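Single-structure report; data block below.
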Amino acid sequence: MASLITKQAHLRCIFMTWKCLSANWTNTLFGSQRSYATEGDSKIPKIYTKTGDKGFSSTFTGERRPKEDHVFEALGTTDELASAIGLAREFCLDKGHTFTDQLDKIQCVLQDVGSNIATPRSSARESHIKKTKFSPQPVADLENWIDAFTLELPPLTNFILPSGGKSSAALHVARTVCRRAERSVAPIVRSGEADPDVARFLNRLSDYLFTVARFTAMKEGNSETIYRRPE
């Protein structure tokens, strides 16, 4: 999946619904949808390209790097995060939660995060940077959502364990993956190879996932497990 992010970094959202394609989260678009077949050509494209068989993959700027490069590590973890959020979203949909549209938009923004990471500034042309620039608006949106949920939640007076029902626990899993994604992105941002707002977004996203996990448990009437020191 990480290879798909890098090879099609100009796409806004590849596997998301029309909501993602119309989500007004950033001021930049990564170009129009690419057609894989000419008009009248009914040949079905293959999902595999074989270009990574020797352990190398390409960034959006065209660099060939080993698959264990920190850029691809960060891309893979970001993709894992989007998948974890997708699973949590399914649990939340089953329970009729009304904030699932926020999770949709977050998954779309994570595609933008991947595009930015896949465009190292040291090898990027101005056209690359223009297409993959990351907007600060998603950070502000997360903060607004966190504040709104917090107003409805009781004060947090104890350490809690991931709990509160399936929806809440799944959101906690996504939160921990988010923290790992943040750690993998931090050195890339620190070296100037990615936009600082990418790191801010991931940092704020983990706070959002923690808050919405608590909100979910409360709305479902499930108790959160409080940490108690083992005797």
Side-chain angles (χ1 to χ4, degrees), residues 1-2 5 13-23 25 74-114 137-186 198-231:
M1 182 63 190
I5 294 176
C13 278
I14 301 171
F15 298 117
M16 300 300 294
T17 64
W18 64 269
K19 291 182 180 179
C20 289
L21 295 173
S22 62
W25 275 67
L75 284 172
T77 311
T78 303
D79 181 37
E80 184 182 348
L81 171 58
S83 298
I85 291 174
L87 178 60
R89 176 184 174 277
E90 293 302 315
F91 285 121
C92 293
L93 281 172
D94 288 344
K95 292 295 185 178
H97 291 292
T98 58
F99 58 79
T100 53
D101 61 319
Q102 295 176 2
L103 300 180
D104 289 340
K105 291 177 181 178
I106 288 168
Q107 285 182 296
C108 285
V109 174
L110 287 173
Q111 294 288 330
D112 294 347
V113 167
Q137 184 58 46
V139 178
D141 290 334
L142 285 175
E143 290 173 351
N144 289 334
W145 293 343
I146 291 169
D147 291 343
F149 287 127
T150 301
L151 287 175
E152 299 190 45
L153 287 169
L156 186 63
T157 57
N158 296 284
F159 287 112
I160 60 170
L161 306 179
S163 55
K166 293 180 181 178
S167 303
S168 178
L171 287 163
H172 277 294
V173 171
R175 171 183 59 81
T176 62
V177 178
C178 185
R179 284 299 191 192
R180 180 153 52 85
E182 183 186 5
R183 291 193 297 272
S184 69
V185 167
V198 166
R200 294 190 188 101
F201 175 77
L202 291 172
N203 189 13
R204 214 67 81 250
L205 178 56
S206 62
D207 294 331
Y208 166 87
L209 291 169
F210 177 79
T211 304
V212 79
R214 295 195 64 222
F215 179 82
T216 300
M218 181 187 72
K219 285 296 184 180
E220 293 181 10
N222 297 323
S223 299
E224 295 175 303
T225 303
I226 297 173
Y227 163 78
R228 291 182 176 83
R229 188 178 183 87
E231 297 179 357

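Just so it is clear, the structure is predicted and the values come from calculations on it, not from any experiment. Counting from 1, the numbers follow the sequence of the chain as shown.
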Is the closest side-chain heavy-atom distance between Asn158 and Tyr227 below 4.5 Å? no
Between atom OG1 of Thr78 and atom CD of Gln111, what is the distance when rounded to the nearest 0.5 Å? 10.0 Å
For the residue pair Asn222 and Gly164, what are the closest heavy atoms and their distance? ND2-O, 3.0 Å
Less than 4.0 Å between a side-chain N and a carboxylate O, is that true for Asp94 and Arg89? no
Please indicate whether Phe159 has more than 12 foreign heavy atoms, meaning atoms of other residues, nucleotides or ligands, lying under 6.0 Å from its CZ. no
Here the gap from His172 atom NE2 to Ile160 atom CD1, rounded to the nearest 0.5 Å, amounts to 4.5 Å
Atom CG in Leu171, atom OG1 in Thr211: separation rounded to 0.5 Å? 11.0 Å
Partner of Val177 under side chain to side chain contact (heavy atoms under 4.5 Å, CB included), picked from Arg175, Arg180, Arg179, is Arg180
Pair Tyr208-Asp141, side chain to side chain contact (heavy atoms under 4.5 Å, CB included): steps then yes or no: CA-CA 10 Å; Tyr208 166 87; Asp141 290 334; over 6 Å; no
With the side chain counted from C-beta on, respond yes when Val198 and Phe201 share a heavy-atom pair under 4.5 Å apart, and no when they do not. no
For residues Thr100 and Cys92, report the shortest heavy-atom separation together with the two atoms involved. CG2-CB, 3.8 Å
Side chain to side chain contact (heavy atoms under 4.5 Å, CB included) evaluation trace for Leu202 with Leu81: CA-CA 10 Å; Leu202 291 172; Leu81 171 58; 4.0 Å; yes
Going by heavy atoms in the side chains, are His97 and Val212 under 4.5 Å from each other? no
Side chain of Gln107, backbone of Ala82: donor and acceptor closer than 3.5 Å? yes
Quick check for you: to the nearest 0.5 Å, what is the distance between Leu151 atom CG and Ile146 atom CD1? 12.0 Å
Would you mind reporting whether Lys105 and Pro138 have side-chain heavy atoms less than 4.5 Å apart? no
Is Ser83 close to Leu87 at the side-chain level, that is, under 4.5 Å between some pair of heavy atoms? no
Value for CD (Glu152) from CZ (Arg214), rounded to nearest 0.5 Å, stands at 12.5 Å
N/O donor-acceptor pair under 3.5 Å between Ser168 side chain and Ala213 backbone: yes
With a 4.5 Å cut-off on side-chain heavy atoms, are Phe149 and Phe99 touching? yes
Atom pair SG/CZ of Cys178 and Phe210 - distance to nearest 0.5 Å: 13.5 Å
Audit row: Leu110, Ile85, side chain to side chain contact (heavy atoms under 4.5 Å, CB included) steps and yes/no: CA-CA 10 Å; Leu110 287 173; Ile85 291 174; 3.9 Å; yes
When you check the side-chain N and O atoms of Glu220 and Ser167, is any donor under 3.5 Å from an acceptor? yes
For Lys95 and Thr216, run side chain to side chain contact (heavy atoms under 4.5 Å, CB included): C-alpha distance rounded to whole Å, both residues' side-chain angles, the deciding distance at 0.1 Å, then the answer. CA-CA 9 Å; Lys95 292 295 185 178; Thr216 300; over 6 Å; no
